[in-house]
Protein chains: 2
Amino acid sequence: MPVQSPAPGAGLRRHLQEGRGNIYAPDCPSRALLDHVTARWSVLVLALLLERPHRFNELAGAVSGMSDKMLSQTLKTLTADGFVERLVSDGPPVRVSYRLTPAGTEVAGRIAELVEWLEENVGALLAGR
Amino acid sequence: MPVQSPAPGAGLRRHLQEGRGNIYAPDCPSRALLDHVTARWSVLVLALLLERPHRFNELAGAVSGMSDKMLSQTLKTLTADGFVERLVSDGPPVRVSYRLTPAGTEVAGRIAELVEWLEENVGALLAGR
DNA sequence: CAGCATCCCATCGGATACTG
DNA sequence: CAGTATCCGATGGGATGCTG
């Protein structure tokens, strides 16, 4: 193992080859996926679902400031992308819960690390400006 | 070290205490920081700066589809937040380069992991829907 | 080279009301 | 409970042109 490791992120610039996406190409599908998972509310929903599956109104209550409409839309997009699964229990009352797919768990884990770092360092950042 | 580790992201729900932010509170400053670093273009700029410092037009050329205006605005926001440093060399021609601060390196590293995972798995995701 | 100013529009997203 | 429909304002973001 070399002492001088390559710069982190050094592989990002490679173009499409052997099935790998290129986030810097505007029409690469990975760009759309990135936009979806980093969308304002997606980040918070994914982080919550990483803990455990949630029902619709659980999510609505947990994410303060989010409207039903945006929650519904966010879940629909994440489900279509294959990051979230929609599970319906036979009612009544009908109960719908949302849970991460394996791919969603991978993505949400990386997002949660970003979120947690920000939560832990927000104080230092505010102090330094 | 316990075999049963706590669920990833389990600490996200704690409220402000001992200086830690709470991303689920709409007016916690960490929410604004999250919005800034996950903004459409910020993600790509941060990932590029993780490789090495870049000059303005280098960034403009590397991020296909991004206008000068958005690059300028993105860099300004990230600089104000303390994630990016602006370095001016005495010209002419004047050359301005942008480089990550230590905090910016932390954030960009986490973002780059998300981006790289998406680039590597975009094929599988598209196939599965 | 490294921007800022202006114009303009498309999309994001909130409020409210309604449905199975 | 778990949404959908409609309306509408805010803002993200592109095109163009100008400046030091």
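Just so we're clear, the structure is a prediction, and the values are computed from it rather than from any experiment. Chain letters run A, B, ... following the sequence lines, proteins first and then strands; every chain starts at 1.
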Next item on the list: Just grab all the salt bridge (Lys or Arg N to Asp or Glu O under 4.0 Å) pairs involving residues 99-111 of chain A, residues at least two apart or on different chains.
Entry: A:Glu85-A:Arg99, A:Glu106-A:Arg110
Notebook entry, point to check: For residues 57-67 of chain B, which residue pairs qualify under salt bridge (Lys or Arg N to Asp or Glu O under 4.0 Å), counting only residues two or more places apart or in two chains?
Noted result: B:Arg52-B:Glu58
Next item on the list: Please work out which residues in residues 71-84 of chain B have a non-hydrogen atom less than 4.0 Å from an atom of DNA chain C and list them by number.
Entry: B:Ser72, B:Lys76
When rounded to the nearest 0.5 angstrom, what is the spacing between [atom1] in [X] and [atom2] in [Y]?
{"X": "B:Tyr24", "Y": "B:Ser30", "atom1": "OH", "atom2": "OG", "answer": "10.5 Å"}
{"X": "B:Phe83", "Y": "B:Ile111", "atom1": "CZ", "atom2": "CD1", "answer": "8.5 Å"}
{"X": "B:Leu34", "Y": "A:Leu44", "atom1": "CG", "atom2": "CG", "answer": "6.0 Å"}

Check: Mind checking what makes side-chain contact (heavy atoms from CB on, under 4.5 Å) contact with A:Thr105, not counting sequence neighbours?
Finding: A:Leu50, A:Leu100
Margin query: I'd like to check the side-chain contact (heavy atoms from CB on, under 4.5 Å) partners of A:Ala60; sequence neighbours left out, ordered by chain and number.
Written below: A:Asn57, A:Asp68, A:Leu71
Next item on the list: Name the residue closer to the 5' end of DNA chain D, choosing between A:Lys69 and A:Ser97 according to the nucleotide with the nearest heavy atom.
Entry: A:Ser97
Next item on the list: Kindly calculate the angle separating the two end axes of the helix from C:dC1-D:dG20 to C:dG20-D:dC1, each obtained from five base pairs, and round it to 10 degrees.
Entry: 50°
Note to self: Taking the nucleotide of DNA chain C with the nearest heavy atom to each, does A:Asp68 or A:Trp41 sit closer to the 5' end?
What the structure shows: A:Trp41
Note to self: Distance under 4.0 Å to a non-hydrogen atom of chain B counts as contact; along DNA chain C, which nucleotides mark the start and end?
What the structure shows: C:dC1 to C:dC7
Notebook entry, point to check: Picking from B:Leu114, B:Leu118, B:Val115, what satisfies side-chain contact (heavy atoms from CB on, under 4.5 Å) with A:Thr38?
Noted result: B:Leu114
Taking side-chain hydrogen bond (donor to acceptor under 3.5 Å, both in side chains) as the test, write out the residues that go with [X], two or more places apart.
{"X": "A:Arg55", "answer": "none"}
{"X": "B:Arg40", "answer": "none"}
{"X": "B:Arg31", "answer": "none"}

Notebook entry, point to check: If you look only at pairs with a residue in residues 69-82 of chain A, which of them pass as a side chain to side chain donor-acceptor pair (under 3.5 Å), with sequence neighbours excluded?
Noted result: A:His36-A:Asp81, A:Asp81-B:Arg129
Checklist line | B:Ser89 (side chain) donor-acceptor with B:Arg95 (main chain) under 3.5 angstrom | finding: yes
Margin query: Taking any atom closer than 4.0 angstrom to a non-hydrogen atom of chain A, what span of DNA chain D does the protein reach, first nucleotide to last?
Written below: D:dC1 to D:dC7
